[in-house]
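Here the structure is laid out as structure tokens; the discussion comes afterwards.
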Amino acid sequence: MAEKRNVILITDGDDYARRAVERVAADVGGRCISHSHGNPSVLSGPSLVNLIKKAANDPVLVMFDDSGFLGEGAGEQALKYVAEHEDIHVLGVIAVASKTHMAEWSKVDFCIDRDGELTPYGVDKHGLPELERGRINGDTVYCLDKLNVPLIIGIGDIGKMARRDHYERGAPITKKAVEIILERSGFNAKE
């Protein structure tokens with residue numbers, strides 16, 4: 001049996017997110033599945049698993065996006081498939097806030113605001129703290145509560161947040177979320 005691939009799931013996939021995630025993956029020595037970007041996601045779960053298995057090294061960062069469609073869209077279906085696949089080890093999830101048409105939300109372990117501060121409160125798409133603790137509103141987050149994943153970190157809109165997460169600046173908010181997932185999962189301790 002093949003060794004499980006170490007994956008970080010990200011619930012955003014537009015062009016801003018793609019550039020930011022590609023930058024962060026390169027910075028942490030991982031790989032981004034660039035073909036997973038799309039608004040909405042266009043690749044199926046089996047196609048994504050195939051690409052993950054071909055990635056040069058771990059961690060593998062994969063994007064999923066429902067583009068605000070009502071209910072469980074293609075992005076969430078693919079996310080569930082990847083997260084539950086026997087050859088995939090999910091290190092954590094970055095749940096991205098958005099304005100959604102259906103008020104979909106998910107529990108999060110904590111969030112990172114647009115200033116890079118950890119907070120127990122949810123954040124909005126601009127990375128500003130909200131009033132509720134431990135949850136985030138987004139369009140590709142509804143299924144997260146059903147998954148057995150070790151850590152869910154909420155952040156604002158990847159690559160944006162008033163340019164504070166722009167890829168030209170190194171996407172520092174996204175990078176911090178990835179680094180925390182790698183640290184808490186023990187991935188960085190592996191040789």
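Just so it is clear, the structure is predicted and the values come from calculations on it, not from any experiment.
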Closest contact, heavy atoms only, [X] versus [Y]:
| X | Y | result |
| --- | --- | --- |
| Gly122 | Cys111 | CA-SG, 3.7 Å |
| Val141 | Thr11 | CG1-OG1, 3.9 Å |
| Ile136 | Ala95 | CD1-O, 3.5 Å |
| Val60 | Ile33 | CG1-CG1, 3.5 Å |
| Ala171 | Ala20 | CB-CB, 3.7 Å |
| Ile153 | Ala177 | CD1-O, 3.6 Å |

Indicate yes or no: at least one non-hydrogen side-chain atom of [X] is less than 4.5 angstrom from one of [Y].
| X | Y | value |
| --- | --- | --- |
| Leu151 | Phe110 | yes |
| Ile112 | Val123 | no |
| Leu144 | Lys107 | no |
| Val28 | Leu182 | yes |
| Ser36 | Leu51 | no |
| Leu79 | Leu147 | yes |

Note: [X]-[Y] ion pair, threshold 4.0 Å (strictly below):
| X | Y | result |
| --- | --- | --- |
| Arg114 | Asp165 | no |
| Lys80 | Glu76 | no |
| Asp12 | Lys160 | no |

Evaluate the side-chain hydrogen bond (donor to acceptor under 3.5 Å, both in side chains) criterion for residues Ser41 and Asp65: first the C-alpha distance (whole Å), next the side-chain angles of each, then the deciding distance (0.1 Å), finally the verdict. CA-CA 5 Å; Ser41 295; Asp65 200 314; over 6 Å; no
Please check if the side chain of [X] supplies one atom and the backbone of [Y] the other of a donor-acceptor pair under 3.5 Å.
| X | Y | value |
| --- | --- | --- |
| Arg184 | Gly92 | no |
| Ser98 | Asp139 | yes |
| Asn57 | Gly29 | yes |
| Thr140 | Asp66 | yes |

Linked, directly or transitively: [X] and [Y] (ILVMFWY side chains, under 4.5 Å):
| X | Y | result |
| --- | --- | --- |
| Leu91 | Tyr81 | no |
| Ile155 | Ile181 | yes |
| Val62 | Leu43 | yes |
| Met63 | Ile94 | yes |
| Met161 | Ile158 | yes |

What distance separates [X] [atom1] from [Y] [atom2], expressed to the nearest 0.5 Å?
| X | Y | atom1 | atom2 | result |
| --- | --- | --- | --- | --- |
| Glu168 | Arg19 | CD | CZ | 8.5 Å |
| Asn50 | His85 | CG | NE2 | 9.5 Å |
| Arg23 | Cys32 | CZ | SG | 13.5 Å |
| Ile173 | Glu117 | CD1 | CD | 9.0 Å |

Taking atom CD of Glu183 as the centre, report whether more than 12 heavy atoms of other residues, nucleotides or ligands fall under 6.0 Å from it.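 Open: at most 12 neighbouring heavy atoms sit under 6.0 Å from CD of Glu183.
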Lys176, NZ atom: more than 12 neighbouring heavy atoms under 6.0 Å: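 Yes - once you tally the heavy atoms of other residues, nucleotides and ligands closer than 6.0 Å, there are more than 12.
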For a quick test of your reading: what N or O donor-acceptor pairs under 3.5 Å do the side chains of residues 126-133 make, sequence neighbours left out?
none

Once salt bridge (Lys or Arg N to Asp or Glu O under 4.0 Å) is applied, do any residues pair with Asp115, and if so which ones, sequence neighbours excluded?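 By the salt bridge (Lys or Arg N to Asp or Glu O under 4.0 Å) rule, Asp115 matches Arg164.
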Checking side chain to side chain donor-acceptor pair (under 3.5 Å) against Asp58, which of Arg5, Arg31, His89 comes through?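 By the side chain to side chain donor-acceptor pair (under 3.5 Å) criterion, Asp58 pairs with just one of Arg5, Arg31, His89: Arg5.
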